[in-house]
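Here is the structure we will look at, set down as structure tokens.
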Amino acid sequence: MVINQTSKIPVALTVAGSDSGGGAGIQADLRTFAFHCVHGTSALSCVTAQNTLGVTRVDALSAEAVAAQIEAVVGDIGVDAVKTGMLLNREIMAVVASQVESWNLGNLVVDPVMVSRSGDRLIDDGAIAFLQDILIPLAAVVTPNRFEAQILSGLEIDSVNDMRSAAEKIHSLGAKAVLVKGGGMKGDLRGIDVWFDGTRLDVLKTENVNTTNTHGTGCTLSAAIAANLALGKDLFTAVTSAKNYVTTALKYALDIGEGQGPVGHFFPLLEKTI
Ligand SMILES: Nc1ncnc2c1ncn2[C@@H]1O[C@H](COP(=O)(O)OP(=O)(O)OP(=O)(O)O)[C@@H](O)[C@H]1O
Ligand SMILES: Cc1ncc(CO)c(N)n1
């Protein structure tokens, strides 16, 4: 890609939580945007005290504060794509949905964050129905992991066929496309995702990377999809390129902390210096 000083700089917005450990959430999103040469902007929904072992505390921002951040960014800078991550509660989801509608924001990637890899609950009771009924229908693509896809579809997911059925069921909620992610599947199925956009049902396969340092894969994937959309790629290409980015970032995952380390976003720089 060539970006010179006269090119229009693509801009992406993440509406998500902060991960103090730097592996997921807004920190992962902004790094991912930067490594796609996309200017990253952010609206913080909550602050988690978190590390590679898990989440010890969550503090929500007010819904008004989230709305004000989105307004400040969109009203002045403008955005080419948006991703949502950990939105925590219905009040925050409601202002995000109304901002998306009033600014007519297309290219919306909804990562329906409900639970972390280490098993911590990242959404309030009662917010799931709102996500399902109001936010997901506004999305260009929704990217549930295995656990989230089970909740959204009501199906048990143990095989690729189950992932296909879940993708079809979740598509009927109204998003243009669905990517059911397979990071939480067992054995060889880890790393297999299923795409459905109403006509095309595809199994997306990359190599299964043998690492336990997988913190932030989902945030990185949805941020990379948003970055690719901001760069003007079509939705399916944005998703497959994002998946390739995550696979390489997993190969360069960081072995830090006592638990699950984060994926290594900065591999493009490492490769240049090797
Ligand atoms: N070990 C692995 N090898 C290859 N790809 C993987 C592996 N683990 C996860 N992935 C890929 O990473 C992407 C994110 O999927 P995953 O199911 O891990 O999301 P998630 O559970 O939302 O992530 P997190 O909550 O850790 O941010 C998917 O494309 C998935 O296939
Ligand atoms: C802030 C935040 N967002 C998303 C996730 C999902 O991995 C997480 N663990 N923390």
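We count ligands from 1, going down the list as the structure has it; atoms in each ligand are counted the same way.
A salt bridge between Arg57 and Asp59 is present, with a side-chain N of the basic residue lying under 4.0 Å from a carboxylate O of the acidic one. Lys181 and Asp111 are joined by a salt bridge, as a carboxylate oxygen and a charged side-chain nitrogen come within less than 4.0 angstrom of each other. Salt-bridge formation is not detected for the pair Arg90/Asp124: no Lys NZ or Arg NE/NH1/NH2 atom is positioned less than 4.0 Å from an Asp or Glu carboxylate oxygen. Between Asp193 and Arg146 there is no salt bridge, since no side-chain N of the basic residue sits under 4.0 Å from a carboxylate O of the acidic one.
The two atoms that bring Ser241 and Asn228 nearest to each other are CB-ND2, 3.5 Å, heavy atoms only. Looking at every heavy atom in both residues, Lys176 comes nearest to Ala140 through CB-O, 3.2 Å. Taking both residues in full, the closest heavy atoms of Asn107 and Asp80 are given as ND2-O, 2.9 Å, listed atom of the first, atom of the second, then distance. Summarising the geometry of Phe267 relative to Ala249, their closest heavy-atom pair is CE2-N, 3.6 Å, with the distance given to 0.1 Å.
Contacts of Asp193 with ligand 1, taken as heavy-atom pairs under 4.0 Å, involve the side chain alone. Counting heavy atoms closer than 4.0 Å to ligand 1, residue Val246 contributes side-chain atoms (C-beta onward) but none from N, CA, C or O. At a heavy-atom cutoff of 4.0 Å, ligand 1 is contacted by the side chain of Leu250 but not by its backbone. Neither the backbone nor the side chain of Val55 comes within 4.0 Å of ligand 2, counting heavy atoms alone.
Judged purely by atom type and a 3.5 angstrom limit, Glu148 uses its side chain to pair as donor or acceptor with the backbone of Met114. In this structure, Gln99 contributes its side chain and Ile70 its backbone to no donor-acceptor pair below 3.5 Å.
Shown in contact with Leu122 at under 4.0 Å from a heavy atom are these atoms of ligand 2, numbered in order with element: 5 (C), 6 (C), 8 (C), 9 (N). Near His215, meaning under 4.0 Å from any of its heavy atoms, are these atoms of ligand 2: 9 (N). Which parts of ligand 1 touch Gly216 is read off a 4.0 Å heavy-atom cut-off, strictly below it: atoms 26 (O), 27 (O). Residue Met86 approaches ligand 2 through these ligand atoms, each under 4.0 Å from one of its heavy atoms: 1 (C), 2 (C), 3 (N). Residue-ligand proximity, Lys243 to ligand 1, at heavy-atom distances under 4.0 Å covers atoms 29 (O), 31 (O). Proximity to Gly191 (heavy-atom distance under 4.0 Å) selects the following atoms of ligand 1: 4 (C), 5 (N), 6 (C), 31 (O). Ligand-side atoms of ligand 1 in range of Thr214: 26 (O), range being under 4.0 angstrom from any heavy atom. Per-residue contacts place Gly25 under 4.0 angstrom from the following atoms of ligand 2 (heavy atoms of the residue considered): 1 (C), 2 (C), 3 (N).
For Asp111, no nitrogen or oxygen atom sits less than 3.5 Å from a nitrogen or oxygen atom of ligand 1, counting backbone and side chain alike. Ligand 2 has a nitrogen or oxygen under 3.5 angstrom from a nitrogen or oxygen of Gln50.
Trp195 and Phe236 have perpendicular rings, their planes meeting at more than 60° on a 0 to 90° scale where under 30° would count as parallel.
Under a 4.0 angstrom heavy-atom cut-off, Asn208 registers as being in contact with ligand 1. Between Cys219 and ligand 1 there is a heavy-atom distance shorter than 4.0 Å. At least one heavy atom of Ser18 sits under 4.0 Å from some atom of ligand 2. In this structure, Gln260 falls outside the shell of residues with a heavy atom less than 4.0 angstrom from ligand 1.
Of the candidates Gly218, Gly182, Gly184, it is Gly218 that places a heavy atom closest to atom 27 (O) of ligand 1. Comparing Arg190, Glu207, Glu148, Lys181 by heavy-atom distance to atom 4 (C) of ligand 1, the nearest is Glu207. The closest non-hydrogen atom to atom 4 (C) of ligand 2, taken over Gly85, Gly54, Cys219, comes from Cys219.
Considering CG of Asn51 and OG1 of Thr56, their distance stands at 7.0 Å, rounded to 0.5 Å.
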Checking ring-ring contact (aromatic ring centres under 6.0 Å, His included) for the pair Phe196/His171: CA distance, chi angles, key distance, verdict? CA-CA 7 Å; Phe196 185 57; His171 184 260; 5.1 Å; yes

